Amino acid sequence: MGAEALTVVAVGASLGLAVAWLNLAGMWGALRLLSVGSSIELPWAAVGGAVAACAMLAVVSSVVPAALVLRRRAVDLAGVRE
């Protein structure tokens, strides 16, 4: 049930890292034009913690409602109007 949520988190994390990398590469290039030597470093522990927290929230937010709905029989739900 949570595979879709984890896929969304993985795609979001990948896109976020790509945008961050492009931004940092642009700043690194601008600093190189000013003859300032620097390196690109990311706080990997913070990035990993944020991705893990997002993954946990996404899985809980998708699995708990699905589990609550699946507790009822489909026959009972068929007669319920929206």
Side-chain angles (χ1 to χ4, degrees):
M1 282 187 221
E4 295 89 356
L6 290 177
T7 302
V8 169
V9 170
V11 169
S14 300
L15 291 174
L17 284 173
V19 168
W21 184 83
L22 286 172
N23 189 12
L24 290 173
M27 283 192 284
W28 179 79
L31 288 172
R32 293 287 288 182
L33 289 175
L34 296 171
S35 299
V36 177
S38 64
S39 63
I40 297 175
E41 295 189 21
L42 287 174
W44 291 110
V47 171
V51 170
C54 289
M56 182 187 67
L57 285 173
V59 169
V60 169
S61 297
S62 67
V63 170
V64 169
L68 291 175
V69 168
L70 291 175
R71 293 178 81 191
R72 298 183 67 186
R73 294 182 7 203
V75 174
D76 295 336
L77 294 174
V80 176
R81 294 185 182 243
E82 290 187 22

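For the single chain, residues carry numbers from 1 onward in sequence order. Keep in mind it's a predicted model, so treat the numbers as computed, not measured.
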Closest non-hydrogen contact found for V59 with G2 is CG2-O, 4.2 Å
Can you tell me how far CG of L57 sits from OG of S62, rounded to the nearest 0.5 angstrom? 11.0 Å
Going hydrophobic residue to hydrophobic residue with side-chain gaps under 4.5 angstrom, can you get from I40 over to V47? yes
Any chance you could pull the hydrophobic cluster mates of V19, using side-chain heavy atoms under 4.5 angstrom and chaining through other members? none
Nearest heavy-atom approach of A13 to V51 is CB-CG2, 3.9 Å
same_hphob_cluster(L6, V63) at 4.5 Å side-chain heavy-atom cutoff: yes
Using residues 28-37 as the side-chain source, report each donor-acceptor pair under 3.5 Å to any protein atom, sequence neighbours left out, with the distance given to one decimal.
residue, atom, partner, partner atom, Å
W28, NE1, S38, O, 3.0

Do L24 and L17 sit in the same hydrophobic cluster, where Ile, Leu, Val, Met, Phe, Trp and Tyr count as joined when their side-chain heavy atoms come under 4.5 Å apart? yes
